Amino acid sequence: MADISLTFPDGNARSYPQGTTPAEVAADISKSLGKAAISANVDGAHWDLQWPLDRDCAISINTLKDDAAALELIRHDLAHIMARAVQELWPDVKVTIGPVIDNGWYYDFDRSEPFTPEDLGAIEKTMKDIINRRDPIRTEVWERTRAIQHYEQNGEPYKVELIDAIPGDEPLRMYWHGDWQDLCRGPHLQHTGQVPADAFKLMSVAGAYWRGDSSRQMLQRIYGVAFKSKEDLKKHLNMLEEAAKRDHRKLGREMDLFHMQEEAPGQIFWHPNGWTIYTGLQDYMRRQQRRDGYVEVNTPQVVDRKLWEKSGHWDNYQEHMFIVEVDEEHAREKAVNALKPMNCPCHVQVFNQGLKSYRDLPLRMAEFGSCNRYEPSGALHGIMRVRGFTQDDAHIFCTEEQIEEETAKFIRFLAKIYADLGFEDWTIKLSTRPEKRIGSDESWDMVEAALGAACRKAGYDYEIQEGEGAFYGPKLEFTLTDAIGRQWQCGTLQVDPNLPERLDANYIGQDGAKHRPVMLHRAVLGSFERFIGILIESHAGKLPFWIAPRQVVVASITSDADDYVRETVELLIAAGVRAEADTRNEKINFKVREHSLGKVPVILAVGHREVEERTVTVRRLGEKQTQVSPRDEVVTLLRQDATPPDLT
RNA sequence: GCUGCUGUAGCUCAGAGGUAGAGCACUCCCUUGGUAAGGGAGAGGUCGAGAGUUCAAUUCUCUCCAGCAGCACCA
């Protein structure tokens, strides 16, 4: 057999007989590497140590020190080890698929009985046992018919279906450890003992549809997390705990921002503190929009179905709409209305009032539009995914030629707002034409190019999401990263030539003829509700001073200072600071603790000394140290802190 | 919407086939205390809703509602 030449990372090349495996290569390099090896990279592909090498290639051997490869393999092997453990414990459970995901893996099972938390404990124990057996992992390529026959005989219908879905030219790989076998594309470790036995944990079990299709069998999915070391696992579990601490639902209660109740699922009762954030953000957005050339409108909540029929929502979106029927005493027919799920059709109605000229374009029409959508019950989540919300919505009516400039202008607008709100890290995705679409290819070419050009014009890179656009036009999505690295898609800009067509919007062009405008649907925050949730979680409740609902508490140390406290609060309020007095009969320790837990950014403590010296003692949230300053100075300082970022 | 779990005081949670308990919060009293819980007393619950089994249901069963996790959804 001919030799092949293998090039190593250091640039040296050696020849080996064709068909040599990376395992043999590793063992040839050194005995210890042979043992420590977990996989190889072959011309950039992740390669099982057992797969033969049949051509010249660049190769490097991975060990547990190579993070990416190690984590991938550990998690992937754990998926199989878990499936084996489950089948050892319950032989009649059917296996399906088990991929690697962020921080771990999952595996989907078909079992009539639900897995209980106790079951998870038992599975984990069996998994550790399997790891300790150090079973060698071996692989073979099987004929398609043989594989199908095998799985049919063993009562594993899901595997048969998977094989049917694998393209005919791809090899079918079988993997074993011990007697246990699974279909898998690999790669895998050398033996089960290479998985760290103390660095994984089974987290939860939940339903999941077979092949992600809600019309098919519901399976049981067990999630696990895994790392290279016990310490890394611990770190991850701590991180989860931290994330739970900043859950906006918990902070919303603790900071007395809002509540929700059974009678209005998916809708928010805003308390004074929460509403202060809400209106503060809305006031800020309103100032920004005015400066950027928007006009603001307001449109009806309850609209006759006739409009929704024309706009297409009645046919395409009805299951998400709250339908309102009204019995009119003298009417022949019932009036059927729907709460608006979107503002766009109403905005076209405003546009359509009076004749529009090309001179009126671009027309930027904004509304803090309250919408109601009947979201599926399982989708609801705190104030992040609700049935009643308000968008910072606007529609830009323009010509096709204006799309690029208007889009660039919007990106700059959005960038300033994200920066003001403390989000410097965000990205743009451009979603292009989907398979099912309307409009000509030339028109799609033109508009997609305009969006890309606008991004470059505004100075930003973008990533393309092939085929993810709406049926009527491409879109930009703006995703920001929060303080703990989570990503949220907030902003959006969608090009829509469809709705102006359906609702017969037009303007008189320079040529004196009627023309169809294009609409750009756009939002920066998305919805106020969701964005406030993001703000709360990103800041862990410690909101920037200007938007914090309670900015200052002036607390008396002894009751002799109560008058001075009240006077100070009045000065602060006059200076535009949200301040309140705490003259309760409690010790200062108690007051400091309570307002710190309530995330009040500044506590001013006042006792005999301060009254006499006309000072206050300033204590900022999160700082142990306090500072005594003249009261007037502090008021001036806090007045500045309280000014929104666009007004400083 | 689907699968699983949960629903007891304002909050966090314990409890049992014989109609309920803790801590914190709340009210009152004492205490005037210098930067993350001072002390005492008191009040507070149709045990998510409805039906069934039972001498007896908040506890067991069923249905519904809501919440949580995941899936699906987010034209």
Side-chain angles (χ1 to χ4, degrees), chain A residues 101 106 108 110-117 119 203-223 244 247 249-250 253-254 256 259-266 311-321 341-342 344 373-382 384-387 434 436-438 469-473 475 489 492 494 496 498-499 521 526-527 530 555-562 583-598 603-610 617-628:
Chain A
I101 52 173
Y106 66 76
D108 287 348
D110 185 9
R111 179 188 186 219
S112 44
E113 295 290 300
F115 289 110
T116 64
D119 291 342
M203 301 298 284
S204 60
V205 53
Y209 298 108
W210 169 234
R211 318 215 90 190
D213 183 344
S214 61
S215 66
R216 306 200 61 179
Q217 175 81 18
M218 174 68 77
L219 305 169
Q220 294 190 64
R221 175 172 297 176
I222 303 180
Y223 285 90
D247 189 312
R249 292 166 296 188
K250 182 171 165 333
R253 203 167 32 242
E254 288 171 4
D256 195 15
H259 85 272
M260 305 178 85
Q261 63 186 49
E262 259 188 47
E263 289 83 349
S311 70
H313 289 88
W314 195 259
D315 284 339
N316 297 316
Y317 204 69
Q318 195 180 151
E319 59 177 320
H320 296 286
M321 288 161 68
M342 295 174 199
C344 26
R373 295 182 189 169
Y374 189 81
E375 299 286 359
S377 57
L380 302 177
H381 179 85
M384 302 275 223
R385 186 87 183 263
V386 287
R387 289 181 175 157
K436 265 183 70 184
R437 61 176 182 267
I438 57 171
F471 69 89
Y472 49 72
K475 64 180 174 188
Q489 194 240 301
T492 177
Q494 298 192 17
D496 183 3
N498 177 51
L499 200 61
H521 307 257
S527 88
R530 180 161 173 273
S556 54
I557 294 168
T558 64
S559 54
D560 302 348
D562 287 358
T583 54
R584 290 175 303 168
N585 175 17
E586 296 291 351
K587 293 198 170 185
I588 192 64
N589 286 313
F590 181 90
K591 296 181 185 181
V592 165
R593 175 180 156 80
E594 190 172 281
H595 298 126
S596 297
L597 290 173
I603 299 171
L604 301 183
V606 168
H608 294 295
R609 278 208 303 274
E610 289 81 358
T617 299
V618 183
R619 188 188 206 279
R620 290 194 181 258
L621 184 60
E623 290 174 20
K624 272 231 147 28
Q625 268 195 325
T626 59
Q627 199 196 343
V628 185

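To find a chain, count down the sequence lines: A is the first, B the second, and so on, and within it residues start at 1. Computed from a predicted model, the values in this text were never measured in an experiment.
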Check this for me: does the side-chain of [X] come within 3.5 Å of the base of [N] through a donor and an acceptor?
| X | N | value |
| --- | --- | --- |
| A:Glu610 | B:G34 | yes |
| A:Arg385 | B:C73 | yes |
| A:Tyr209 | B:G1 | yes |
| A:Thr617 | B:G34 | yes |
| A:Thr626 | B:U35 | no |
| A:His313 | B:A75 | yes |

Quick one: label [X] by what it contacts on the DNA or RNA (base, sugar-phosphate, nothing), any heavy atom closer than 4.0 Å.
| X | answer |
| --- | --- |
| A:Gly622 | nothing |
| A:Lys624 | sugar-phosphate |
| A:Met260 | nothing |
| A:Ala605 | base |
| A:Leu597 | base |
| A:Arg221 | sugar-phosphate |
| A:Ser214 | sugar-phosphate |
| A:Gly312 | nothing |
| A:His608 | base |

Does a nitrogen or oxygen in the side chain of [X] sit under 4.0 Å from OP1 or OP2 of [N]?
| X | N | result |
| --- | --- | --- |
| A:Arg249 | B:A69 | yes |
| A:Asn589 | B:A37 | no |
| A:Tyr223 | B:C71 | yes |
| A:His595 | B:U35 | no |
| A:Ser377 | B:G1 | yes |
| A:Arg253 | B:U12 | yes |

Which nucleotide wins on minimum distance to the side chain of [X], given the candidates [options]?
| X | options | value |
| --- | --- | --- |
| A:Glu586 | B:A75, B:A36, B:G38 | B:G38 |
| A:Tyr472 | B:G70, B:A75, B:G33 | B:A75 |
| A:Tyr374 | B:G1, B:G38, B:A75 | B:G1 |

Please figure out whether A:Ile603 or A:Leu380 has its closest RNA chain B nucleotide nearer the 5' end.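 Its nucleotide being nearer the 5' end, the pick is A:Ile603.
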
Is it the case that the side chain of [X] and the backbone of [Y] share a donor-acceptor pair, with hydrogens and angles ignored and the cut-off at 3.5 Å?
| X | Y | result |
| --- | --- | --- |
| A:Glu594 | A:Phe590 | no |
| A:Arg387 | A:Tyr374 | no |
| A:Lys591 | A:Arg584 | yes |
| A:Gln220 | A:Arg111 | yes |

In dot-bracket, 5' to 3', how would RNA chain B read with Watson-Crick or G-U wobble pairs under 3.5 Å, [ ] for crossing ones and | for pairs to another strand? (((((((..((((....[..)))).(((((.......))))).....(((((..]....))))))))))))....

Could A:Asp247 and A:Arg249 be called an ion pair, given the rule that one side-chain N must be under 4.0 Å from one carboxylate O? yes

Roughly how far apart, to the nearest Å, are B:C71 and B:A37 at atom P?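 It comes out at 41 Å once rounded to the nearest Å.
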
Would you compute the distance between atom CD1 of A:Ile557 and atom CG of A:Asp562 and round it to the nearest 0.5 angstrom? 11.5 Å

Per the side-chain contact (heavy atoms from CB on, under 4.5 Å) rule, which among A:Arg216, A:Arg221, A:Gln217, A:Met218 passes with A:Tyr209? A:Met218

For A:Arg373, check salt bridge (Lys or Arg N to Asp or Glu O under 4.0 Å) against everything at least two apart and list the hits.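 Expected list: none.
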
Of all the heavy-atom pairs spanning A:Leu499 and A:Ser311, show the shortest one and how long it is. CD1-O, 3.7 Å

